[in-house]
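Labels below follow one simple rule: chain letters A, B, ... track the order of the sequence lines, proteins then strands, and each chain is numbered from 1.
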Protein chains: 2
Amino acid sequence: MECQAQEFKHEYKKEMRAVQDAMYVLNGKWKIPIISAICYYNKRRFSDIMKDVEGISNRMLSKELKELEMNQIVNRIVLNTQPITVQYELTQHGLTLQGIINNLTDWGVRHRLKITGK
Amino acid sequence: MECQAQEFKHEYKKEMRAVQDAMYVLNGKWKIPIISAICYYNKRRFSDIMKDVEGISNRMLSKELKELEMNQIVNRIVLNTQPITVQYELTQHGLTLQGIINNLTDWGVRHRLKITGK
DNA sequence: CAGTATCCAAAGGGATACTG
DNA sequence: CAGTATCCCTTTGGATACTG
């Protein structure tokens, strides 16, 4: 019993860390909207994402994309145009976020209904 | 075609808002760890959550619990002891977050493996 | 077009001390 | 026990201007 409690505790801490890892990647105001936009269009350019994600500044978009790239969520593809254009796409790993984003979306709809009644 | 694009755009914006609503509720360093702790023990007291969620201060725990209560994620139950004790439990609405948290946990494990290799 | 650089305001959050 | 209050540093993020 004590032993199992220890076991639980250990698992619990590991799960805690995992969920915090996940949230760390997705945290902030813009990460999920950016991922959603890229996912929705499959491939998407910097200036287009700016239009998709309402209210974001180029500074923030740049910063967030860099972080997402570091976390292997998006790929950055430079095209040989003049002037250069850059496309972003989700990696295989990034695509595995789709289910979570869909769940969050559904929950968000129910939550808004619950809180505001519409 | 144009019309359907408009339709898509409209849906897309609604979904964007929904996912942002959800993230707004869960954002920050502590929300999900707190929810997880309460969920794990079913009912949990303030001082116990302090121990469960490593590193949190009483100030932060108080603030976050208040927000979760406002968003109808947790119920606050004052017990008639001396001195008073307070229990927190998830609401029905709060319980609907379990699936999302589990998904985030699973994803977090895979992500850590991907990034750190362990 | 796809960013960087700089500056600044607001929010987040830790440490400590205090209260009913 | 379950918080509040205060102080203060850090992080986030907006506005504007600039560059290859």
Original post:
Which nucleotide in the list C/dA17, C/dG3, D/dC1 gets nearest to the side chain of A/N58?
Top reply: C/dG3

Subject >> Identified stems (criterion: three or more consecutive Watson-Crick or G-U pairs, under 3.5 Å), DNA chain C >> reply: C:1-20 with D:1-20

Subject >> Residues in side-chain contact (heavy atoms from CB on, under 4.5 Å) contact with B/V109, at least two apart in sequence or another chain >> reply: A/A18

Subject >> Salt bridge A/K13-B/E54, side-chain N to carboxylate O under 4.0 Å >> reply: yes

**OP:** Determine: side-chain N/O of B/Y24 to OP1/OP2 of C/dA11, distance under 4.0 Å, yes or no.
**Re:** no

Subject >> DNA chain C: 5'-proximal contact among A/P83 and B/K63 (nearest heavy atom) >> reply: A/P83

**OP:** Check every atom of D/dA2, C/dA2, C/dT4 against the side chain of A/R45 and return the nucleotide holding the closest atom.
**Re:** C/dA2

Original post:
Taking only residues two or more places apart in sequence, or in another chain, which ones meet B/R17 in a side chain to side chain donor-acceptor pair (under 3.5 Å)?
Top reply: none

**OP:** Kindly indicate whether the side chain of A/R59 and the base of D/dG14 share any N or O donor-acceptor pair separated by less than 3.5 Å?
**Re:** yes

Original post:
What distance separates A/I100 CD1 from A/L26 CG, expressed to the nearest 0.5 Å?
Top reply: 7.0 Å

Original post:
Where do B/N71 and B/H93 come nearest, in terms of heavy atoms and distance?
Top reply: O-CD2, 3.8 Å

**OP:** For the pair A/K31 and A/E67, find out whether any cationic side-chain nitrogen is under 4.0 Å from an anionic carboxylate oxygen.
**Re:** yes

Original post:
Picking from D/dG13, D/dG3, C/dG3, which would you name as closest to the side chain of B/R76?
Top reply: D/dG3

**OP:** Ignoring the backbone of B/K29, work out which of C/dG14, D/dT16, D/dG3 is nearest its side chain.
**Re:** C/dG14

Subject >> Residue whose closest nucleotide on DNA chain D lies nearer the 5' end, B/I84 versus A/S57 >> reply: B/I84

Original post:
Counting side-chain heavy atoms from C-beta on, which of D/dC1, D/dA17, C/dA2 comes nearest to A/S47?
Top reply: C/dA2

